Amino acid sequence: MQYQSRCREISSSHPPFAKLDKNNPQSSLPSVDQLADGFTVTFSAQFGEVDTESVLLDIPEILQVTIGQHPADKWQPQNYPAYPMPDGSIPVLEAKLWLDDEVGNKRYLTVGLPLSLLDEPYGKHEVCLQFTGVEWSLYVDNRLYDNDFAIGYPSASAFKSWRIDSQKVDVASLYLPALAISEAADSSQSEVFNIQFWTPPYHNAWVGDVATLYHDGRYHLFYLFDRRGHGSKFGRGGHYFEHLSTTDFKHWIEHKAATPIEHQWESIGTGTPFIHNGELCISYGLHTTRLYPYERTMLPMQWNYLEDNGFTGSFNYDTIPDFVPAGSTYSVSEDGISNFKKTHVLFHPCENPSIYTTSGGSLEMLANYGARGTWASNSVAGGWRCIDEEFPLGGDCTFPFRWNGYDYIIGGFNRLWYREAKADGDDYIDMVKEGIDFYNGMSVPSITQIADGRFLMVAWVKTQGWGGPLVIHELIQHPDGRIGNKWMEELIPVTQKPVLVTRLVEDNQTIEVPKQPYILTFDVIPAQIGKGEFAITFEDPASPQSACEWQMQIGNQRAQFASANPQGFAPKQKTLREGGNVAAAQDYAIENGMAFDKPFTVRMLIHPSAKVHGTMMDVEIGAQRTMLSYRPNLFSSQLKFHLKDVEIRNVNYAVLK
């Protein structure tokens, strides 16, 4: 897919406030009262090979634009080392904006890009820096490369002078207030692409929490767009819901953001899409207490209203200027597919609302983050009554689904319950405690039923402090209500012709594999049904310390990822029931749901990626369970098999097209 280019058209609706050129490279600036309405700086510059850092443009204590070399070992927060030049150097363009908040703190936001992302890194380029009062953005040659969100404003009293490097910069223009920058028309918004392990196409951008819905033949996928692994907005929640959809899982459309950040006080958290009164809606939380004290938010008045009336109120936050909005709100699609419009209505004090429509058409909500319990209402906009104060029992981002006579509630990173749908009361079974959960390395998975009674699980895989690539798997259900997972056939990447490596593997045999993404397939034949174990070590001779092992113990119904053990099988890892950190997607184990009474096939998608600085792995075990893992620093070129009471046959790999 060609993701929307995010190009912008700059509208020069008013003349420059000030201008510099080679003959006039510095000057004083007229005084201004305030900079809350933002400003725009544009300049043309010649980017040459970079040895030491140089300042291209400077407004002291306000803005500084530099070009220089970035350390190869400093990945966070911008992920620059993933994009080196052919000679290994990492020249970077950066722009720092200093902001003063209301309590006197002075901090700066940094946006930037590695020059290797440009078509002609060493050449003449047009740069645009835009501060809107909310967003700080960097455009090069009319394309957006980086942005962040502000807390505070530049100091108007420091706005006194500016200068450019006349050896590199031709002309610079400063506009006050900020120029209008509109999205340029892009006719190619939909194109075939592989969504497995997909991330937004920016050097520092990742997928966060995902919320999904299938409606009128269309699968809607909302994800929290996040830069810097939760580091934007000074680490206070600079993410918001972007929106993808598909009708066939092969062609995807990127729509406009469903919940863009439009105010400095906005810090947006997870929610759910749902249908109510025929309208497509998405709920989400305002995590405003990350920015302001509780007493300054609208949470106290919401709790007071609930205590006085026994149900929640409906507060239009545009009409209450003395407090900042916080709690649950929602947006509504204007066309039933996209084009969401915020309602500006606060309907509950919880800050991660999971709303769903019952079979009878009414609404229920599982309250997360800042509240708890199960709530019901006939209207989204208010009137929510608590119908169960104690359930669900925990977990963040909880939501329910029903499948073939069983009710399930999934809870964030590591919680899961189920019961027969006909059961009364809170007699849910803790599937994690029983060791029959289906967690597989995904973080905060979302479950949605699609056509033909199929269920999909979608989430992000952790590669940052928060956020990572997107993955979708299909669920399977056993007669007793246990759930497993498998690859969704529609989403298996297109590959070149498979290469048969060997028909029969010997113990300790090494196999050469490509360093580009590929699918590895092999058949497992236990010497005795229900017995045997084997392991595959992924090795890079140039980096032996990064080697990893995937291991399966057939008789114990266990499989695991672990750091490789040069002496043999890696030691036992922990499952979720045993206290393992499955959502970290590195060294962990799964158990149960893999009872094989005949030979079975294993498929592995091995996806090395410079952006994640390592390899993503996706394992499907006999179409019954899946496992995901992120292996940092690993770019394997060979596999080694370890076998015990088992045969491995028909090993082949197919490189992705």
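Any value given below was found using the heavy atoms of this structure, including those in side chains, with hydrogens, waters and symmetry copies removed. Since the structure is predicted, the reported quantities are computational estimates derived from the model, not experimental observations.
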With a 3.5 Å distance limit and no angle check, can you tell me whether [X] reaches the backbone of [Y] through a side-chain donor-acceptor pair?
X	Y	value
Arg236	Arg290	yes
Thr357	Gly361	no
Asn309	Tyr305	yes
Asn592	Gly435	yes
Glu266	Glu262	yes
Glu242	Pro260	no
Asn304	Pro300	yes
Ser629	Ala585	yes
Gln264	Gly133	yes
Ser354	Thr398	yes

State, yes or no, whether a side-chain contact exists between [X] and [Y] at a heavy-atom distance under 4.5 Å.
X	Y	result
Leu99	Arg107	no
Tyr219	Thr247	no
Ile195	Ile472	yes
Lys433	Arg577	no
Ile282	Phe340	yes
Asp226	Trp466	yes
Leu221	Val210	yes
Arg372	Glu390	yes

Ignoring hydrogens, what is the shortest heavy-atom contact between [X] and [Y]? Give both atom names and the distance.
X	Y	answer
Glu351	Thr288	OE1-N, 4.0 Å
Val345	Ser314	CG1-OG, 3.4 Å
Leu363	Trp384	CB-CH2, 3.6 Å
Asn352	Thr270	OD1-N, 3.2 Å
Asn204	Arg227	OD1-NH1, 2.7 Å
Leu366	Phe399	CD1-CA, 3.7 Å

Neighbour count above 12 (heavy atom, 6.0 Å) for [X] [atom1]:
X	atom1	answer
Lys342	NZ	yes
Lys106	NZ	yes
Asn378	CG	no
Phe311	CZ	yes
Asp33	CG	no

- Query: Within 45° of the axis and under 6.0 Å from the centre of the six-membered ring of Trp206, does NZ or CZ of Lys611 qualify?
  - Reply: yes
- Task: Using the six-membered ring of Phe323, assess whether NZ or CZ of Arg296 lies under 6.0 Å from its centre and within 45 degrees of the ring axis.
- Result: no
Assess the pair [X] and [Y]: is the distance between their ring centroids shorter than 6.0 Å?
X	Y	value
Tyr223	His243	no
His215	His220	no
Trp98	Tyr153	no
Tyr240	Phe225	yes

Hey, could you give me the [atom1]/[atom2] distance between [X] and [Y], rounded to the nearest 0.5 Å?
X	Y	atom1	atom2	value
Leu244	His255	CG	NE2	7.5 Å
Asp148	Leu109	CG	CG	4.5 Å
Ile261	Asn147	CD1	CG	8.5 Å
Phe234	Arg228	CZ	CZ	10.5 Å
Asp427	Glu420	CG	CD	9.0 Å
Gln449	Leu475	CD	CG	11.0 Å

Under 3.5 Å, is there a donor on one side chain and an acceptor on the other for [X] and [Y]?
X	Y	result
Glu364	Tyr356	yes
Gln76	Gln464	yes
Ser377	Ser379	no
His239	Ser232	no
Gln130	Thr40	yes
Asp209	Trp460	yes
Ser446	Thr212	yes
Asp618	His473	yes

- Item | Test side-chain hydrogen bond (donor to acceptor under 3.5 Å, both in side chains) applied to Asn581 and Gln586, step by step | CA-CA 8 Å; Asn581 189 357; Gln586 292 197 15; over 6 Å; no
- Apply salt bridge (Lys or Arg N to Asp or Glu O under 4.0 Å) to Arg482 and Asp480, showing your working. CA-CA 6 Å; Arg482 289 181 300 116; Asp480 62 357; 2.9 Å; yes
- Worked check of ring-ring contact (aromatic ring centres under 6.0 Å, His included) between Trp375 and Phe347: CA-CA 12 Å; Trp375 300 69; Phe347 61 84; over 10 Å; no
- Item | Test ring pair (Phe, Tyr, Trp, His ring centres under 6.0 Å) applied to Phe455 and Phe438, Tyr406, Trp403, the passing residue | Trp403
- Evaluate the criterion side-chain contact (heavy atoms from CB on, under 4.5 Å) for residue pair His478 and Ile483; output intermediate values, then yes/no. CA-CA 6 Å; His478 297 281; Ile483 293 179; over 6 Å; no
- Query: Please walk me through it: do Phe401 and Tyr408 pass ring-ring contact (aromatic ring centres under 6.0 Å, His included)?
  - Reply: CA-CA 5 Å; Phe401 63 100; Tyr408 303 85; 4.9 Å; yes
- Task: Would you check, one step at a time, whether the test ring-ring contact (aromatic ring centres under 6.0 Å, His included) holds for Tyr317 with His344?
- Result: CA-CA 6 Å; Tyr317 57 69; His344 297 193; 4.9 Å; yes
